[in-house]
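Numbers restart at 1 for each chain; the letters A, B, ... are given by sequence-line order, proteins then strands.
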2 protein chains.
Amino acid sequence: MRHRLKDVAERAGVSVKTVSNVVNGYVHVRPDTRARVEEAIAELNYRPNLSARHLRKGRTGVIALAVPELDIPYFAELARYVVTAAADFGWTVLIDQTGGGREQERVVASGITDHLIDGLIFSPLALTAEDLAGLDGTPMVLLGERVDHGPADRVVIDNVGAAREITGHLIGLGRRRIAAIGSQRTDEGASARLRLAGYGDALRAAGLDYDEALVAPASAWHRADGAAAMRGLLTSGVRPDAVFCFNDTLALGALRALHEAGLRVPEDVAVVGFDDIEDGRFSIPTLSTVAPDKAQIARLAVELLANRLDGDRAAPARELSAPYRLELRESTQTP
Amino acid sequence: MRHRLKDVAERAGVSVKTVSNVVNGYVHVRPDTRARVEEAIAELNYRPNLSARHLRKGRTGVIALAVPELDIPYFAELARYVVTAAADFGWTVLIDQTGGGREQERVVASGITDHLIDGLIFSPLALTAEDLAGLDGTPMVLLGERVDHGPADRVVIDNVGAAREITGHLIGLGRRRIAAIGSQRTDEGASARLRLAGYGDALRAAGLDYDEALVAPASAWHRADGAAAMRGLLTSGVRPDAVFCFNDTLALGALRALHEAGLRVPEDVAVVGFDDIEDGRFSIPTLSTVAPDKAQIARLAVELLANRLDGDRAAPARELSAPYRLELRESTQTP
DNA sequence: CCTCGTTTCTACAACGTTGTAGGCAACGTT
DNA sequence: AACGTTGCCTACAACGTTGTAGAAACGAGG
């Protein structure tokens, strides 16, 4: 019961191409012809076959967003903004969950979705510049710091500056034993490395020692990892009076661990996160955090992709920076 | 720089169809021919054009999952399970965010994605059975209760039973003034209606009064709505000793409002939610909740879709039920 | 050596769409 | 009256793939 241009054409008594012209808004169609065709389209509930159109035009109107995990709130929120921004360009967004592994990301990047999508917005965790080097295919925009001098357009935020600023805020509150949660040894942790650098900068600027014992690694950045890292810090005897968690889910886990240990936030330990996810506005206590402008990140990424699609595909890669601000809530402020 | 079957065929010195046969795993190909073709494929980094394949075969290997909002944790978690379950069938999942409005949902259902996807898993909020009646198109599986006697396959959970059970748990704790948060007046609130019914059943079964003043509506089911509803209950003077929130985000908002009012959970007020989202395992206190088997919901939905695609499209609609269990945590239990 | 069946491969057409080229009529200009 | 221009429409081919039909090569059985 699905109809084609041909069916509409027969019903309206015109050629297939004329129907195509009406569908595509071609100007030179007589008003009465147009009306007849539109009537036939409505009667048959005709919808163009996107695959056929793509095959002919080379465009699908679909872009993909590839993120490591959808149930990490930051990515879910980002996905929402990307869908919204893409809608302004008439694009549908296919969301792909990579799982974050290098091999899976390679598969996505090298284009399992190839030929179905016009472009890709990609937030890689494990992928390296070499993995991307051999790709001739789909235009791509990268999010985040992972691929340092990759061949593709990028949208980043100033991780070092943001980390320095929020650590500086803790110092300004009079805290002196400031822990960090979320460092990573592997190459995968580009964001971790930059945020750790900013943390170190802020300590140095304030004349504080950088104490290895206060820096807790976290292989993944989930709530459970944050809680485990916090428990580790508490039992190790380093007695922090503040914690900078490298993202909000780590911080929410840390809040939980502090609560279980009977410590008060912020009186005993101040806590800050990074990402400004919805949860942090309702947690107990509410969470101070670095708030990247996610709407702007999404918009910039979509615009970069649009430029790449319409313009020069061989043009040199561009890098745009999105702003952030500090959201100061209860976890650093006594009421 | 993108290659076609023809390029591979020329390089391997065979016909286009033979390459196609190799790509599709056709058996009657001589080993040495196969090897030569595979070598050519590797050298050219050939990837099939999915649009062309779809045009020819009528299948894309892509299904869509349409949910109201991605940054509602329940849907994000569900999306993850659907992606995983679909991978077992070799399907890619396109995730579509409807926004939950009736018109937007109609657009999705009537197939803006038409011709690109083989099937649709749809979690509607506002859509009615009539909206779906006229759809001839893509096979569809519905999630949740909204469309009562729709023409499509469905996966549901026993909302009434689950609500009755968790309310019964509160009664078993000795609570007598049990509030409910999340009721909805509009037709859209099918889940709300069923959960409210289960709540009422449990009260009746225990010989408790159903008190209108203890039932707080919430138009949306976000944290902010839960917090607002809880504040309303507290200022209205009804003094509840327990609250059943119709989902977990409402419950997290309620926890926040109780905290702000200086009430202890669960000592002064016990709180339960519905959905078992990740947040509830780390909130302060951790949240007792109804845990629907999301993995099972996703698997059943994908299987229903697979049956519909491979089997009889005109077969009568089926309805499958997924199990749930109670997750009892701190918000109903003193340590 | 012939016949028959199987294996291996190829030519062709078709999926639904749109770009290109072109035809025909109506119009305005010389 | 002849001409070019414009508006409106159509026929055809092509996008990259695979199903169908069948040709060619090969082996087994008589």
Side-chain angles (χ1 to χ4, degrees), chain A residues 1-38 40-41 44-62 90 111-118 137-138, chain B residues 1-38 40-41 44-62 90 111-118 137-138:
Chain A
M1 263 320 194
R2 191 149 290 175
H3 301 284
R4 303 154 298 162
L5 282 181
K6 194 175 167 223
D7 304 317
V8 179
E10 278 167 11
R11 191 173 190 100
V14 296
S15 80
V16 168
K17 189 62 215 292
T18 298
V19 180
S20 169
N21 286 339
V22 169
V23 170
N24 290 281
Y26 182 64
V27 281
H28 295 310
V29 180
R30 270 213 320 269
D32 62 317
T33 310
R34 183 181 299 276
R36 227 169 34 206
V37 170
E38 276 167 352
I41 288 175
L44 295 177
N45 190 29
Y46 166 78
R47 291 174 193 284
N49 181 321
L50 293 187
S51 290
R53 178 177 285 176
H54 176 220
L55 183 58
R56 187 59 237 245
K57 302 223 290 188
R59 287 277 189 99
T60 50
V62 177
I112 201 173
T113 51
D114 242 32
H115 291 291
L116 246 189
I117 59 170
D118 297 339
T138 319
Chain B
M1 264 317 198
R2 191 149 290 174
H3 300 284
R4 305 154 296 162
L5 282 180
K6 194 172 167 226
D7 303 317
V8 179
E10 279 167 10
R11 191 174 191 100
V14 297
S15 78
V16 168
K17 190 63 215 292
T18 299
V19 181
S20 170
N21 286 339
V22 170
V23 170
N24 290 283
Y26 182 66
V27 280
H28 295 310
V29 179
R30 273 213 318 271
D32 61 319
T33 311
R34 183 183 298 278
R36 228 171 34 211
V37 169
E38 277 166 352
I41 287 175
L44 295 177
N45 190 29
Y46 166 77
R47 294 176 191 281
N49 181 322
L50 293 187
S51 290
R53 178 178 285 174
H54 175 221
L55 182 59
R56 187 61 237 248
K57 303 222 291 188
R59 287 277 188 98
T60 50
V62 177
I112 201 172
T113 51
D114 241 32
H115 289 292
L116 242 190
I117 59 170
D118 297 339
T138 320

*asked:* Whether B:Arg53 contacts D:dT18 is assessed here as follows: a side-chain N or O lying under 4.0 Å from the phosphate OP1 or OP2. Is that the case?
replied: yes

*Phosphate contact (D:dT17 OP1 or OP2) by B:Ser20 side-chain N/O below 4.0 Å*: no

Do [X] and [Y] touch side chain to side chain, with heavy atoms closer than 4.5 Å?
X: B:Tyr46; Y: B:Leu5; value: yes
X: B:Val8; Y: B:Arg11; value: no
X: B:Ser20; Y: B:Lys17; value: yes

Could you grab the distance from atom [atom1] of [X] to atom [atom2] of [Y], nearest 0.5 Å is fine?
X: A:His54; Y: A:Asp118; atom1: NE2; atom2: CG; result: 6.0 Å
X: B:Thr18; Y: B:Arg34; atom1: OG1; atom2: CZ; result: 10.5 Å
X: A:Leu55; Y: B:Arg56; atom1: CG; atom2: CZ; result: 12.5 Å

_Minimum heavy-atom distance between B:Ala12 and B:Ala40, given as atom pair plus value_ = CB-CB, 4.1 Å

*Going through the checks in order, is the side chain to side chain contact (heavy atoms under 4.5 Å, CB included) test met by B:Leu50 and B:Arg53?*
CA-CA 5 Å; B:Leu50 293 187; B:Arg53 178 178 285 174; 4.2 Å; yes

Could you state the [atom1]-[atom2] distance from [X] to [N], rounded to the nearest angstrom?
X: B:Lys57; N: C:dG16; atom1: NZ; atom2: C1'; result: 18 Å
X: A:Leu55; N: C:dG19; atom1: CG; atom2: C1'; result: 13 Å
X: B:Asn49; N: D:dG16; atom1: CG; atom2: C1'; result: 6 Å
X: B:Lys6; N: D:dC15; atom1: NZ; atom2: P; result: 8 Å
X: A:Leu5; N: C:dG19; atom1: CG; atom2: P; result: 12 Å
X: A:Leu50; N: C:dC15; atom1: CG; atom2: P; result: 18 Å

*Determine the sole option in B:Asn21, B:Asp32, B:Val22 for which the side chain to side chain contact (heavy atoms under 4.5 Å, CB included) test with B:Val37 is passed.*
B:Val22

*Summarise how protein sits on nucleotides 8-13 of chain D as a single string, 5' to 3': B when a protein heavy atom is under 4.0 Å from the base, S for sugar-phosphate-only contact, - for no contact.*
SSBB-B

*What is the bend of the helix from C:dC1-D:dG30 to C:dT30-D:dA1 when you compare the axis at one end with the axis at the other, using five pairs each and rounding to 10°?*
50°

